[in-house]
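Step one of this worksheet: look at the structure below.
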Amino acid sequence: MKFETKLIHAGQKADKQTGSVNVPVYQTSTYKQDAIGRDRGWEYSRSGNPTRKALEDCIAALEGAKYGLAFASGLAAGTAVLSLLKKGDHVVAGDDLYGGTYRLFEKVFRKWGLEISYADSKDPASFKKALRRNTRLIWAETPTNPLLSITDMAALAEIAGKAKAILAVDNTFATPYFQKPIELGAQLVVHSSTKYLGGHSDVIGGLLAVADKELYEGIKFYQNAAGAVPGPWDAWLTLRGIKTLAVRMNAHEANAFKVATFLRGHPEILKVYYPGLEEHPGHVLAARQMTGFGGMVSFELKGGRKAADSFFKKLKIFTLAESLGGVESLACYPATMTHAAIPEKERLKRGITAGLVRLSVGIENPEDLIRDLARALKA
Ligand code: P1T
């Protein structure tokens, strides 16, 4: 089955009882058992629910993984990955990453005794250098949030393999339509399905695709034991969103190219971050490990915070908001929004400056989007 067909059919057979083409929303917490110890495959919806299972099978198929698992949010999915570790284990993470993931590492897991250090997302040698005797997990986002850096997944897989560490890749920005980390050697793929997979800014969710049975069993145990599962409606909405992923990603990318090309020549702008542009330092690598460059574009305003305030005030179509990946265009100010959990010194070191703006380019008419940006950029 080709990818576009999997989007619509993987995990989603017509309902056996009624023929319903869509997987029903199994709005139930529990299931009738026929006798002690004899259920029909379902016993309690924290442990398993058929609507959620359809979504889990779907993400596994899309990522080319053996197993899928669904969670209540992207961060709940990340927490499930970290549940594989124990006190004293070490994680190396790419230094450009979602502020909430940084917060999870620093404010939740560090105090439970995990060691965490950061490597340059753009440089596999920096990950290698950061390895310790107790490194159990390498964590990378690519493209990164918010600076759209590209991490060489095949190189990290080799480093992780030699160190006997797990490689987890957060594939939220690219989605399996544009890149498949497991094919490049990752064992785990993490998603905030709140974003492109859901696609309509109407549901919070997280997904994991897992290559290996032992890892799957560990995380599946945690999923049931800790219980941060999505309800059946959220699973259903995510499945519905996924059906149109290919057409949406093509449209997001086409618009992002136009927006990035417009921004790159603008006199108010210092720097544009879009891996599709030839001058982007990760362009060649992105072209090699991805089949498209995605819909996220960041840029740095020359005028810093003051210019940013004026820019956001004048926008009419782009909405100032957290999140990304929905059909509508959003604009975000990482320093005080998505990456506020990172201390200012760390933020600046990583390139998240007072002039940085992140755009989630939607699928509206690109002329409207560019007109909106042009107006808002007028000094
Ligand atoms: O918000 P949640 O569904 O829990 O997902 C967390 C998360 C994980 N990974 C990446 C790459 C993310 O971008 C996110 C969430 N990000 C935003 C809300 C944002 O605006 O960047």
Side-chain angles (χ1 to χ4, degrees), residues 55 59 63 69-82 91 93-109 121 139-151 153 168-176 178-179 181 186 188-209 223 226 228-231 234-235 237-238 241-242 252 273 275 294-298 312 318-326 328-342 347 350 352 356-362:
L55 175 60
I59 192 63
E63 289 286 3
L69 287 162
F71 294 87
S73 70
L75 286 176
T79 302
V81 173
L82 295 170
V91 182
D95 60 356
D96 193 34
L97 79 177
Y98 172 53
T101 306
Y102 176 88
R103 181 175 56 203
L104 183 66
F105 287 148
E106 294 297 321
K107 302 282 184 193
V108 179
F109 282 96
S121 296
W139 178 289
E141 274 178 21
T142 182
T144 61
N145 182 0
L147 294 173
L148 288 317
S149 294
I150 306 297
T151 306
M153 289 182 278
V169 174
D170 185 327
N171 199 18
T172 298
F173 272 33
T175 84
F178 285 141
Q179 82 183 5
L188 282 170
V189 180
V190 186
H191 280 286
S192 169
S193 52
T194 313
K195 313 295 171 3
Y196 289 106
L197 292 174
H200 298 77
S201 304
D202 52 11
V203 60
I204 299 280
L207 294 171
L208 294 180
Q223 183 197 42
V229 292
D234 286 1
L237 275 170
T238 307
I242 284 174
H252 281 295
Y273 300 89
M296 298 298 294
V297 179
S298 294
F312 287 115
F318 279 85
T319 302
L320 173 60
E322 309 237 1
S323 204
L324 60 111
E328 68 291 303
S329 290
L330 302 179
C332 152
Y333 187 65
T336 63
M337 295 167 71
T338 50
H339 293 70
I342 304 178
R347 245 190 285 126
R350 289 157 200 240
I352 305 171
L356 187 74
V357 173
R358 190 192 74 183
L359 301 178
S360 172
V361 181

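Heavy-atom basis, side chains included; hydrogens, waters and symmetry copies ignored. As the structure lists them, so they are numbered: ligands from 1, and atoms in each ligand from 1. In this text the structure is predicted, and so the values were computed from the model without any measurement.
The shortest heavy-atom contact between Glu141 and Tyr98 is OE2-N, 2.7 Å. Summarising the geometry of Thr142 relative to Ile150, their closest heavy-atom pair is OG1-CA, 3.5 Å, with the distance given to 0.1 Å. Across all non-hydrogen atoms, the minimal contact from Thr172 to Tyr196 is O-CD1, 3.6 Å.
Considering each of Leu75, Asn171, Thr172, Val190, the one bringing a non-hydrogen atom nearest atom 4 (O) of ligand 1 is Leu75.
The closest donor-acceptor contact from the side chain of Gln223 to the backbone of Ala70 lies under 3.5 Å. No side-chain donor-acceptor contact under 3.5 Å links Arg347 to the backbone of Ile352. Remark: side-chain polar atoms of Gln179 are not paired, donor with acceptor, to backbone N or O of Asn171 under 3.5 angstrom. Using modelled atom types, one side-chain atom of Ser121 and one backbone atom of Asp96 make a donor-acceptor pair closer than 3.5 Å. At least one donor-acceptor pair under 3.5 Å links the side chain of His252 to the backbone N or O of Val361. Panel note: side chain Thr194, backbone Gly205; a donor-acceptor pair is recorded below 3.5 Å.
Side chains of Glu328 and Ser201: a donor on one and an acceptor on the other come within 3.5 Å.
Each of the atoms 3 (O), 4 (O) of ligand 1 lies under 4.0 Å from some heavy atom of Ser73. Under a 4.0 Å criterion applied to the non-hydrogen atoms of Arg358, ligand 1 contributes the atoms 19 (C), 20 (O), 21 (O). Taking a cut-off of under 4.0 Å to the non-hydrogen atoms of Asp170, the atoms of ligand 1 that pass are 8 (C), 9 (N), 10 (C), 11 (C). Short contacts between ligand 1 and Leu324, defined as distances under 4.0 Å to a heavy atom of the residue, involve ligand atoms 19 (C), 21 (O). Counting atoms of ligand 1 from 1 in the listed order, those under 4.0 Å from a heavy atom of Glu141 are 11 (C).
Heavy-atom separations between Ser323 and ligand 1 include at least one value shorter than 4.0 Å. In this structure, Gly205 counts as a contact residue of ligand 1, since one of its heavy atoms falls inside 4.0 Å of the ligand.
Protein heavy atom closest to atom 15 (C) of ligand 1, with residue, atom name and distance, is Lys195 NZ, 2.6 Å. For atom 6 (C) of ligand 1, the nearest protein heavy atom (residue, atom name, distance) is Tyr98 CE2, 3.6 Å. Considering only non-hydrogen protein atoms, atom 5 (O) of ligand 1 sits nearest to Ser192 OG, 3.0 Å. The protein heavy atom nearest to atom 19 (C) of ligand 1 is Thr338 CG2, 3.4 Å. Looking at atom 13 (O) of ligand 1, its nearest protein heavy atom turns out to be Asn145 ND2, 3.0 Å. In this structure, the protein non-hydrogen atom closest to atom 3 (O) of ligand 1 is Thr194 OG1, 2.7 Å.
An N or O contact shorter than 3.5 Å is missing between Ile204 and ligand 1 by distance.
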